[in-house]
Amino acid sequence: MFKIVEARYLSKDVKLFRIHAPRVAKKQKPGQFVILRVNDHGERIPITIAASDAQEETITIVAQGIGKTTKLLNTLETGDSIADVVGPLGKPTDVEKFGTVVVIGGGVGTAIAYPTANALHDAGNRVISIIGARTKDLVIFEDELRAISDPLIVTTDDGSYGVKAVVTVPLQELIDSPNRPDYVLAIGPIPMMRAVAETTRAAGIKTVVSLNAIMVDGTGMCGGCRVAVGGKSQFACVDGPEFDAHQVDFALLAQRGAMYRDKERVALTRFEEEHACKLLEAAKA
Amino acid sequence: MSSSNNPLPPKERLQIVRQSMPEQDPLKRAHNFEEVNLGFTDELALQEATRCLGCGKPRCVQGCPVGVKIAEFVDLIVAKDYLGAAAKIREDNVLPAVTGRVCPQEEQCEGSCLLAHRAGSSSLGIGYLERFVADYERTTGQIGLPACAPSSGKKVAIAGSGPAGLSCAGDLVQRGHDVTVFEALHEIGGVLVYGIPEFRLPKDIVRQEVDNMRKLGVKFETNVVIGKTVTVDELFEEEGFDAVFIATGAGLPKFMGIPGENLCAVYSANEFLTRVNLMKAYRFPEYDEPVFDCAGKNVGVIGGGNTAMDAVRTSLRLGAKNAYLIYRRTEKDMPARIEELHHAKQEGVQIMDLWDPVEYIGDEKGWVRAAKLRKMQQGEPDESGRSRPVPIPGSETEVALDMVVVAVGNTSNPLVQQTTPGLDTDTRGRIVADHEHLRTSKKGVFAGGDIVSGAATVILAMGAGRTAAASIHDYLTTGEW
Ligand SMILES: Cc1cc2nc3c(=O)[nH]c(=O)nc-3n(C[C@H](O)[C@H](O)[C@H](O)COP(=O)(O)OP(=O)(O)OC[C@H]3O[C@@H](n4cnc5c(N)ncnc54)[C@H](O)[C@@H]3O)c2cc1C
Ligand code: FES
């Protein structure tokens, strides 16, 4: 069992957990993830490590409650435990001195991009960050990113905060400006990553994305996480999760990601009904 | 051997026919996950044991990869000393309830049995008898736990908790060493829990064996991937281990590299079986892990080994309308256990031998809808002694399939090898270890089981674990490498 030492909401559906996981905390490098199983009946899901503290023996993860498992996870509070946490898995990001780098985080991807942005900053790069969100309330990790960014740009779909635009608009502006980036990292929803890849492809700028494939073991044992990169099959859990954005077959990633959509709906409905019952009982008591 | 307990003269023993295993009705069991074989009763076991000729030089023992004293344990069954028989097996085989169920007996002990080579007779049911005494011991709760030697003060780390890791751990803890088994998954048992299905090997049996080891003092740490969570060098330098045994198995699925293999509902056997067995997807939504809903669907499994057989029979149990086993050689060349093939056919699995997939065809949403297969014919014998399958030109045909499981073999997982400097591997990425002692190129590091041999069998992995335990013990006591 892995104890949660801190749990707090960052925005409406996005929750941060600090988990006591000494072995993972000691080894984690930016870009790596854990696989967790909330309880004995749970599924195994990958979640990127947003930060770790070897001294405190904790790792930080950020989860957005979308499906049953992430919603279940988000019901957990400080002091609760998670049945299984294994990692750190995947290859760490290649952190080099590229010059000017642009780090783009979409939605909860912002939390995932943060440790890499930090490492790129420490490696002597000028980091320009772009946070993209649907609306103001969903902007997370802004302060953390601002501290290492020069500058930080926020875009929202509805214009409630920052610039009303999608992330590729300021990205294109940067490409056309004297601050032309030497390297771009984009982590977020598939359509966003795909759009970023298309924007930088024409400009020939090295671009890396982190792929959120469906996983089971996370060690190369099942092949369920296969993605096509440069026309070749790769296992996202061991060969990735970060890949050259210009080589990734995003359509396949989206297709495979939707494979269990019906089942996810069943699980979620069931969970929400049970959860509502529990809340009702608690209210009565 | 003084085969004294058998009351019948050999001639009369030859009159008794091989007792058949009581099993669940094929049509019923094809829809449940309960064990297929129900096990011998006392009477059946006695009757079967009495068939043993008590050979002076028992060939069955030579046929067993770990040399279980078969003639002696069978004779103890005749004397109704079932616990004695179980203890006799345990001298050489620590997982009898498992091997009694999954060993390819027809190629080993039973294949060597004199009775198997007599016209009109068939081999002694050694596997069934082994299972009988192991179950007797287990269900009567009388497993005699051996005493452990006083503490040696030495620490051994084992990577991987399959049969190789488990048997090595059991032997070492008895010799007084402090043993920790590290397992990447959240459950202990390796292929025994994630691969082989419940209907062939109930998971309670594995759990009980693991509990026994815990009682002996073996420590288990799940959720640790050696090479990622902690490296072999760190185990020595930072955690004070004196020796390491690597038993990480052959867990990397092979794909064929044909078009369409990444379509939705094309699985590796590892993924399909792990979802169903380890993650209990067959009990969705009570358990959260999903798997493709086979109910009423056409399923094709590619391959002819135990893994393919397990996958195709699992798909039937999940409700598949048609479950095809598609194999490029002939049915008789299939490497699967003969009993599994027999059971599969009884349950309604449709064998398509001498067919080979060349492409999977998807629908507009990216789901597989058909496989393009080509017919094969038997060519000259290849290095395996079986005739090489040769494609027949122009024989391509399309078969409608809603799910495909690729079960064409596994290779070794490179995580440990990549992160352990000084550890030699062969051209196929397997760890090199000398046959006799299972020592690797790196001091203090031993390796065995599928990670050294390539995908093999439970009994060979278990045997390797025991060999490694003996040489680790020598190394720890003498310090000689
Ligand atoms: C579906 C299936 C059916 C089979 N049926 C039969 C049968 O009927 N009869 C038979 O004799 N054989 C059968 N086999 C083969 C048999 O199961 C294997 O030969 C045997 O389990 C090998 O044992 P092992 O201990 O070497 O490895 P495994 O059983 O593979 O165990 C290795 C363990 O190591 C863990 N591991 C891997 N990497 C790491 C790491 N880096 N750190 C920590 N842990 C790690 C894995 O998670 C796994 O638990 C079957 C195999 C499969 C897949
Ligand atoms: S998650 Fe199983 S191989 Fe990647």
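Keep in mind that this is a model prediction, so the values were computed, not measured. Letters go in sequence order (proteins before strands), and every chain restarts at 1.
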* Structure fact -> If one checks every heavy atom of A/K91 against chain B at 4.5 Å, the contacting part turns out to be backbone

* Minimum-distance pair of heavy atoms, taken over all atoms of B/T229 and A/G87 -> OG1-O, 2.9 Å

* Write out, in numerical order, the residues from residues 235-247 of chain A with a heavy atom short of 4.5 Å from a heavy atom in chain B. => A/F235, A/V238

* Engaged part of B/L415 at the chain A interface, taking heavy atoms whose separation is under 4.5 Å -> side chain

* Quick one: do A/V86 and B/H186 satisfy side chain to side chain contact (heavy atoms under 4.5 Å, CB included)? Show the steps, please. => CA-CA 8 Å; A/V86 59; B/H186 58 264; over 6 Å; no

* Identify which part of B/E286 has an atom lying under 4.5 Å from any heavy atom of chain A, answering side chain, backbone, both or neither. => both

* Pick whichever of B/C264, B/G366, B/A265 has the most heavy-atom pairs under 4.5 Å with chain A. => B/C264

* To do: Output the option from A/V85, A/L89, A/V24 having the highest count of non-hydrogen pairs under 4.5 Å with chain B.
  => A/V85

* To do: Specify which of A/P88, A/A267, A/A258 makes the most heavy-atom pairs with chain B at under 4.5 Å.
  => A/P88

* **Among A/Q28, A/K232, A/H41, residue most engaged with chain B (heavy-atom pairs, under 4.5 Å)** => A/H41

* Contact class of B/V291 relative to chain A, heavy atoms under 4.5 angstrom -> backbone

* State, to 0.1 Å, how close B/L263 and A/R256 come at their nearest heavy-atom pair, and which atoms those are. => O-NH1, 3.3 Å

* Asked: Do any N or O atoms from the side chain of A/E43 and from the backbone of B/P290 form a donor-acceptor pair under 3.5 angstrom?
  -> no

* Structure fact -> One should read off an interatomic distance between B/Y267 OH and A/C222 SG, to the nearest 0.5 angstrom, of 10.5 Å

* Does B/E238 pair with A/K26 as a salt bridge, N-O distance under 4.0 Å? -> yes

* **Under 4.5 Å from a heavy atom of chain A, the part of B/N262 involved** => both

* **Interface moiety of B/E221 toward chain A, non-hydrogen atoms closer than 4.5 Å** => side chain

* Closest approach of B/W367 and A/M259, non-hydrogen atoms and distance? -> CH2-O, 3.2 Å

* To do: Can you tell which part of B/K280 gets under 4.5 Å to a heavy atom of chain A, answering side chain, backbone, both or neither?
  => neither

* Structure fact -> The residue among A/K68, A/K71, A/R37 that forms salt bridge (charged side-chain N to carboxylate O under 4.0 Å, His left out) with B/D288 is A/K68

* Under 4.5 Å heavy-atom distance to chain A, tell me which part of B/R283 shows up: side chain, backbone, both or neither. => neither

* Could you tell me whether B/E234 and A/K27 make a salt bridge, using a distance below 4.0 angstrom between a side-chain N and a carboxylate O? => yes

* To do: Report yes if the side chains of A/T219 and B/K228 come closer than 4.5 Å at any heavy-atom pair, otherwise no.
  => no

* Over all atoms of both residues, closest heavy-atom pair of A/K263 and B/F284 -> O-CZ, 3.3 Å

* Contacting moiety of A/V34, where chain B heavy atoms sit under 4.5 Å -> neither

* To do: Side chain from CB out, backbone as N, CA, C, O: work out which of these in A/D262 comes under 4.5 Å of a heavy atom of chain B, or both, or neither.
  => neither

* Structure fact -> Ranking B/E289, B/E261, B/K365 by heavy-atom pairs under 4.5 Å to chain A gives rank one to B/E289

* Structure fact -> Of all heavy-atom pairs linking A/M221 and B/P253, the shortest is O-CD, 3.1 Å

* Asked: Of the backbone (N, CA, C, O) and the side chain (C-beta and beyond), which part of B/L273 lies under 4.5 Å from a heavy atom of chain A, both, or neither?
  -> neither

* Checking heavy atoms, do the side chain of B/F292, its backbone, both or neither come under 4.5 Å from chain A? -> backbone

* Structure fact -> If one checks every heavy atom of A/I214 against chain B at 4.5 Å, the contacting part turns out to be side chain

* Structure fact -> Turns out that what part of B/E183 lies under 4.5 Å from chain A's heavy atoms comes down to neither

* Asked: Do side-chain atoms of B/N223 reach the backbone of A/D84 as a donor and acceptor pair under 3.5 angstrom?
  -> no

* **Distance-only side-chain donor-acceptor flag, A/D217 / B/T274, under 3.5 Å** => no

